[in-house]
Protein chains: 2
Amino acid sequence: MDEVFRALADGSRRSLLDRLHARNGQTLNELCEGLDMTRQAVTKHLAILEQASLVTTFKHGREKLHYLNPVPIHQIGERWIKKFERGKLAALSDLKRQLEKRDE
Amino acid sequence: MDEVFRALADGSRRSLLDRLHARNGQTLNELCEGLDMTRQAVTKHLAILEQASLVTTFKHGREKLHYLNPVPIHQIGERWIKKFERGKLAALSDLKRQLEKRDE
DNA sequence: ATAATAGGCAACCAAATAGTTGCATGTCAA
DNA sequence: TTGACATGCAACTATTTGGTTGCCTATTAT
């Protein structure tokens, strides 16, 4: 879980995930296109995404194909976001109360 | 959005959010209790959470009260996680297909 | 008034991060 | 078979990050 959060912390990596979400199974070079970064930098980002199991790769000849693994993102939604969704209204009313108290 | 992801990347910060989720409106010293970190380190983490609008603070005398702001977490769920939720099944079947192809 | 308490500020440090360049390897096509 | 293409590996660098220590300020309680 920690690795997933760390992987998602970087905007370049999130946009790589976006690209794969738009078109799954791209090669490294395809993923590099239009990015203001060297291929090696992209490789490193993809390695971090792979370590976090957000991306899975397959070798096809001399090409490396990158596929999105949707499971970890789903888990963050289920195990983390939803937990804070419960108690959201209570937290909001706590905040509101304090904001009003401030103006007394 | 970027600041929120960055803030969530650190485990100590996520556990501070957990603590506030368990009991809202804690002081700095309360949030420090039991943590293997100096008060100043905690202060820095809280500052990052505050910058990302995940936490809002109010001064009450010499104490500083910390309140959870549930909105950014909710937004990540809505704007980010849900986006990948759509297409999740397609991505999973892409993955499965490639895994099977590997064993040919 | 003064001591204790709650927190703030700034300088410093080590390790991690995001990026680079240069070169090597493996695969495909002419 | 040889050149072009796709990717891998390693060393190096600058910046960011997570943490520390030391001291200062503001508020409360005795």
Side-chain angles (χ1 to χ4, degrees), chain A residues 1-20 23-68 98 101-102 104, chain B residues 1-20 23-68 98 101-102 104:
Chain A
M1 202 80 164
D2 196 71
E3 277 188 317
V4 178
F5 273 108
R6 293 210 157 245
L8 295 181
D10 186 89
S12 308
R13 286 193 289 269
R14 288 198 304 279
S15 87
L16 285 169
L17 291 178
D18 283 342
R19 280 161 161 251
L20 287 177
R23 191 162 64 82
N24 214 355
Q26 294 186 64
T27 67
L28 172 59
N29 269 330
E30 285 171 335
L31 288 169
C32 285
E33 272 167 32
L35 288 185
D36 193 20
M37 231 187 298
T38 60
R39 176 177 51 85
Q40 287 79 354
V42 176
T43 301
K44 285 195 183 181
H45 283 305
L46 288 169
I48 289 168
L49 290 171
E50 207 176 341
Q51 258 198 279
S53 302
L54 285 158
V55 163
T56 305
T57 61
F58 300 91
K59 272 265 180 77
H60 180 252
R62 63 181 162 181
E63 292 179 328
K64 191 178 190 181
L65 304 178
H66 297 76
Y67 285 86
L68 208 65
Q98 287 301 120
K101 194 183 288 180
R102 203 186 49 182
E104 274 168 16
Chain B
M1 203 81 161
D2 196 70
E3 278 188 315
V4 178
F5 273 108
R6 293 209 157 250
L8 295 181
D10 186 89
S12 308
R13 288 195 286 272
R14 289 198 305 280
S15 87
L16 284 169
L17 292 178
D18 283 343
R19 280 163 160 250
L20 286 177
R23 192 160 65 81
N24 214 354
Q26 294 186 63
T27 66
L28 172 58
N29 270 327
E30 284 171 335
L31 288 169
C32 285
E33 273 166 32
L35 289 186
D36 194 20
M37 231 188 297
T38 59
R39 175 175 54 84
Q40 286 82 351
V42 177
T43 300
K44 285 193 182 179
H45 283 304
L46 288 169
I48 290 168
L49 291 171
E50 207 174 342
Q51 259 198 278
S53 301
L54 285 158
V55 163
T56 305
T57 60
F58 300 92
K59 271 265 179 78
H60 181 253
R62 64 181 161 180
E63 292 180 328
K64 192 177 190 181
L65 303 178
H66 297 77
Y67 285 86
L68 209 65
Q98 286 301 122
K101 194 183 290 178
R102 204 187 46 182
E104 272 168 19

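So that the names make sense, note that chain A is the first sequence line, chain B the second, and so on, each numbered from 1.
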* Taking atom P of dT27(D) as reference, at what distance in whole Å does atom CG of Leu65(B) sit? -> 14 Å
* Rounded to whole angstrom units, what separation is found between the CE atom of Met37(B) and the P atom of dT21(D)? -> 14 Å
* **Toward the 5' end of DNA chain D, by each residue's nearest nucleotide, His66(A) or Arg6(A)** => His66(A)
* Asked: When you measure from every atom of DNA chain C, which of residues 7-20 of chain A have a heavy atom less than 4.0 Å away?
  -> Asp10(A), Arg13(A)
Contacts of type side chain to side chain contact (heavy atoms under 4.5 Å, CB included), residue [X], not counting sequence neighbours:
X: Ala47(A); result: none
X: Thr57(B); result: Glu50(B), Val55(B), Lys64(B), His66(B)
X: Thr27(A); result: Asn29(A), Glu30(A), Glu63(A), Leu65(A)

* Should Leu20(B) and Leu31(B) be marked as a side-chain contact (heavy atoms from CB on, under 4.5 Å) after you check the CA-CA gap, both sets of side-chain angles, and the distance that decides it? -> CA-CA 8 Å; Leu20(B) 286 177; Leu31(B) 288 169; 3.9 Å; yes
* If each of His60(A) and Thr38(A) is mapped to the nucleotide of DNA chain C with the nearest heavy atom, which maps nearer the 5' terminus, i.e. the 5' end? -> Thr38(A)
* Given DNA chain C, 5'-ward residue of the pair Ile48(A) and Glu30(B), judged by closest heavy atom -> Glu30(B)
* Asked: Axis-to-axis angle across the helix from dA1(C)-dT30(D) to dA30(C)-dT1(D), five pairs an end, to 10 degrees?
  -> 20°
* Nearest-0.5 Å distance that lies between atom CG in Leu68(A) and atom CZ in Arg19(A) -> 13.5 Å
* Pairwise distance CG(Leu28(B)) to CD(Glu33(B)) - rounded to 0.5 angstrom -> 10.5 Å
* Hey, does the side-chain of Gln40(B) have a donor or acceptor N/O within less than 3.5 Å of a partner on the base of dG22(D)? -> yes
* Structure fact -> At a 4.0 Å cut-off to heavy atoms of chain B, the contacted part of DNA chain C spans dA4(C) to dA11(C)
Would you list the protein and nucleotides 2-6 of chain D atom pairs, both N or O, that sit under 3.5 Å from each other?
from, atom 1, to, atom 2, distance (Å)
dC5(D), O2, Arg62(A), NH1, 3.0

* Asked: Is a donor on one side and an acceptor on the other found under 3.5 Å between the side chain of Gln98(B) and the backbone of Phe58(A)?
  -> no
Under 3.5 Å, which donor-acceptor pairs link side chains of residues 3-16 of chain A to any protein atom two or more places apart or in another chain?
from, atom 1, to, atom 2, distance (Å)
Glu3(A), OE2, Gln51(A), NE2, 3.4
Asp10(A), OD2, Ser12(A), N, 2.8
Asp10(A), OD2, Ser12(A), OG, 3.3
Asp10(A), OD2, Arg13(A), N, 3.2
Arg13(A), NE, Ala7(A), O, 2.8
Arg13(A), NH1, His45(A), ND1, 3.1
Arg13(A), NH2, Arg6(A), O, 3.3
Arg14(A), NH1, Leu8(A), O, 2.6
Arg14(A), NH1, Ala9(A), O, 3.3
Arg14(A), NH2, Asp2(B), OD1, 2.8
Ser15(A), OG, Ser12(A), O, 3.1

Using atom types as modelled, flag every donor-acceptor pair under 3.5 Å from a side chain in residues 36-43 of chain A to any protein atom, sequence neighbours excluded.
from, atom 1, to, atom 2, distance (Å)
Thr38(A), OG1, Ala41(A), N, 3.3
Thr43(A), OG1, Arg39(A), O, 3.0

* Does His45(B) place a side-chain N or O at less than 4.0 Å from the phosphate oxygens OP1/OP2 of dG19(D)? -> yes
